[in-house]
There are 2 protein chains.
Amino acid sequence: MASEGRVTSFDVARAAGVSQSTVSRALRNDPNIGSRTVKKVLEAAAALHYVPSSRARALSTGATNRVAMVIDLDNPLWPLLVGRMHDELAGHGYELGLVASHGERDVETQLADGSVDGVIVSASRLASTLPDTLRGRGIPVVLVQRHSSDPDVDAAVADDAEGGAAAARMLLEAGHERIGALFGPADTSTGREREAGFRRVLTEAGVDLPDRWVRYGGFEMSHGFRSLAEVTGGRTAPTALFCANDTIAIGALNAAHAAGLRVPRDVALVGFDDIETASWPLVELSTIRVPFDEMLRSAVSLLLERIGGFTGLGRRVVHPVVPVPRSTHLRP
Amino acid sequence: MASEGRVTSFDVARAAGVSQSTVSRALRNDPNIGSRTVKKVLEAAAALHYVPSSRARALSTGATNRVAMVIDLDNPLWPLLVGRMHDELAGHGYELGLVASHGERDVETQLADGSVDGVIVSASRLASTLPDTLRGRGIPVVLVQRHSSDPDVDAAVADDAEGGAAAARMLLEAGHERIGALFGPADTSTGREREAGFRRVLTEAGVDLPDRWVRYGGFEMSHGFRSLAEVTGGRTAPTALFCANDTIAIGALNAAHAAGLRVPRDVALVGFDDIETASWPLVELSTIRVPFDEMLRSAVSLLLERIGGFTGLGRRVVHPVVPVPRSTHLRP
DNA sequence: CAGTCGAATGCATACGCATGCACTGTAGGC
DNA sequence: GCCTACAGTGCATGCGTATGCATTCGACTG
């Protein structure tokens, strides 16, 4: 029972009384192999607990059946993206590798060394050169959730501008007139476009968005937590705040709670994404739903097409968003 | 600028006027290569944008520098474990692959095909044969957070029994006498040991834990959400509930909120893990802190020792837990 | 000056699977 | 009953890197 090194296809071949190439073909369902032979080979393989070496197969075929996902561990959205991406890829027979984007240099090498068939980038900054560099090296890349400034790279995103607009309408329709905003990073497409859509509608409605009620920050809770007091602390305070994502909104909600403010009575909030927490009874956050499942499915299918050899121009799939009014946007 | 196939070490060799083996050695800092030669090779490699093929290297060296982590996407703890594991592994030069444990059969093959140097299992059920099977195939395995019934497999865990005990003490010291519990799955070491520790202290204190105030379920919010009403709905209700993890507790907290009950006035709660949400002002969950950073660090170091060739008996590293009393356990 | 040693490099091969091509045997056609 | 055709297998080689061993050349010893 001692494991005397790896069991290879040669061992199986010997046991089955055929050649190594026949083993290889039999196990890969090559139609040229006779059914009797296939049976012999399968039995021998099972008896020996043979598992083909993915290392050798990768070298030989040039494919790894693995996809890497570049994530930003600071963005609280990553588990949602990764979890669904895992399932989506698994459905297509691919494994998922995780790469956090700290030092982009190393990351680039890591992704270009042939250890994956393609790359999903979920944490791209607008100015990032990573997607374009990978593309330049012939590695299939798809952006998800955000796009880059490079239109040649495929991307699956949500309609962030429309979502921002919808959020603005939600607040206006609830009767708010003194409105502030906690926007996201300006160097991300999500941050920028959600802001643009939101501003557009306010402008069209003739509602002002004074700078003293606006803050920029990361997509983390701390932004909302810190900024709420700043924005509501002046002589006049906004009655409602748009938050660039749910996490920021929940940060603000917690800050409000800590400060003894009631939501939405003292300050109303609208988030973006519709993460699970938003629907907690304790939270009941009004928000804009991003169809993550569809978005990730698009991303995977764009990527698989590239892996399959598609070399056309960059494509951008935009997914519609859905306003989800709960209770935090109301004006009592 | 057209990419005419991959750049290999042969191309670099030609450009530098040396042999392929010299290129290989020069890039791997072999001391036998003259410094002039090393310089030439490095320059040629840079000029050609050469990136060694990890596929070929893996086949040749037998090492992939990758570790797979088996997770349970239904257990809300996974992002925390995965995020920290990623960073911890990255610090040692390893990449992280993700495998969700749906159909264990496939998973086993996927992990045994030589595509990783080792495996971290974070979602093991007590009866699972996966860890032992992998070990039997000579693949380094370490369990983290939970252990299996097989003591031959290395594991890095928290002191769950002591944590359960500490939770019981926390409630007793707050003055609770009518106590219930929402325990976790009995086929996990965490579920079982947290329960055992909790029960032990209650018994020692002569406090009863009536079955009608006890529910078992998964480590998900839905367990807490559903069970709260059941447990508090009778003629007499417990004044406090122990929850097998924070997520269950938060589910219960939300159910309480939805039902108009106040925490801890109407029902007190204690969780387990001290996830980030527990410290939100909105939540202020009293809990038992698991030192995840240390635990994952242990797991990685156990695994790296195995990868390095250690073949001794199975080891189990138990990490002490810390009670974190906030506001939900109090008895007003 | 012959002999020796060692640093520096090249040669050849292994790693394990996939696959183009050559080959064998048998069935079918005439 | 001979030849064609094709299903079924085996042979040989490629994938790109790492590495044991042989080789070269210069320097140093006696």
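In the text below, chain A, chain B and the rest are named by the order of the sequence lines, each starting its count at 1.
- For A:Asp117, the side-chain hydrogen bond (donor to acceptor under 3.5 Å, both in side chains) partners at least two apart in sequence or on another chain are A:Thr64.
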Residues 27-44 of chain B, side-chain donor-acceptor partners within the protein, below 3.5 Å, at least two apart:
| from | atom 1 | to | atom 2 | distance (Å) |
| --- | --- | --- | --- | --- |
| B:Asp30 | OD1 | B:Asn32 | N | 2.8 |

Please write out each protein N/O paired with an N/O of nucleotides 12-16 of chain D under 3.5 Å, distance rounded to 0.1 Å.
| from | atom 1 | to | atom 2 | distance (Å) |
| --- | --- | --- | --- | --- |
| D:dG14 | N2 | A:Ser60 | OG | 2.9 |

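- Within the nucleic acid shown, A:Val18 comes within 4.0 Å of sugar-phosphate atoms alone, with no base atom in reach, counting heavy atoms only.
- For the pair A:Phe292/A:Leu80, a side-chain contact is recorded, criterion being any heavy-atom separation below 4.5 Å from C-beta on.
- First and last contacts of DNA chain C with chain A, using any nucleotide atom under 4.0 Å from a protein heavy atom and ordered 5' to 3', fall at C:dG16 to C:dG20.
- Scored by the side-chain hydrogen bond (donor to acceptor under 3.5 Å, both in side chains) test, A:Ser148 finds no partners at all (sequence neighbours excluded).
- In this entry the distance linking CZ of B:Arg28 with P of D:dG20 reads 12 Å, nearest Å.
- By the side-chain hydrogen bond (donor to acceptor under 3.5 Å, both in side chains) test, A:Ser122 pairs with no residue at all, sequence neighbours left out.
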Using atom types as modelled, flag every donor-acceptor pair under 3.5 Å from a side chain in residues 138-147 of chain A to any protein atom, sequence neighbours excluded.
| from | atom 1 | to | atom 2 | distance (Å) |
| --- | --- | --- | --- | --- |
| A:Arg146 | NH1 | A:Ser124 | O | 3.3 |
| A:His147 | NE2 | A:Glu193 | OE2 | 3.1 |

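- When side chains are defined from C-beta on, A:Pro52 does not count as touching B:Asp113, because their heavy atoms never get closer than 4.5 Å.
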Produce the list of close N/O pairs, under 3.5 Å, pairing protein atoms with atoms of nucleotides 4-8 of chain D; give distances to one decimal.
none

>> Could you go through B:Arg84 and B:Asp87, starting from their C-alpha distance and side-chain angles, then the distance that decides it, and tell me whether this counts as salt bridge (charged side-chain N to carboxylate O under 4.0 Å, His left out)?
In response: CA-CA 5 Å; B:Arg84 297 179 193 218; B:Asp87 287 350; over 6 Å; no

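- Under the 3.5 Å distance criterion, the side-chain polar atoms of B:Asp11 are matched with a main-chain donor or acceptor of B:Thr8.
- In terms of the side-chain hydrogen bond (donor to acceptor under 3.5 Å, both in side chains) criterion, residue partners of A:Ser21 (sequence neighbours excluded) are, by chain and number, A:Ser19.
- Partners of B:Arg25 according to the salt bridge (Lys or Arg N to Asp or Glu O under 4.0 Å) rule, which considers only residues two or more places apart in sequence or in another chain, do not exist here.
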>> Let's go through A:Arg297 and A:Glu88 carefully: what are the C-alpha distance in whole Å and the side-chain angles of both, what is the deciding distance for salt bridge (charged side-chain N to carboxylate O under 4.0 Å, His left out) to 0.1 Å, and is it a yes or a no?
In response: CA-CA 7 Å; A:Arg297 204 170 301 133; A:Glu88 185 63 24; 3.7 Å; yes

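- For residues 300-314 of chain B, every residue pair satisfying the side-chain hydrogen bond (donor to acceptor under 3.5 Å, both in side chains) rule, not counting sequence neighbours, is listed here: B:Asp154-B:Arg306, B:Glu305-B:Arg315.
- Taking five base pairs at each end of the helix from C:dC1-D:dG30 to C:dC30-D:dG1, the local helix axes there meet at an angle of 50°, rounded to 10°.
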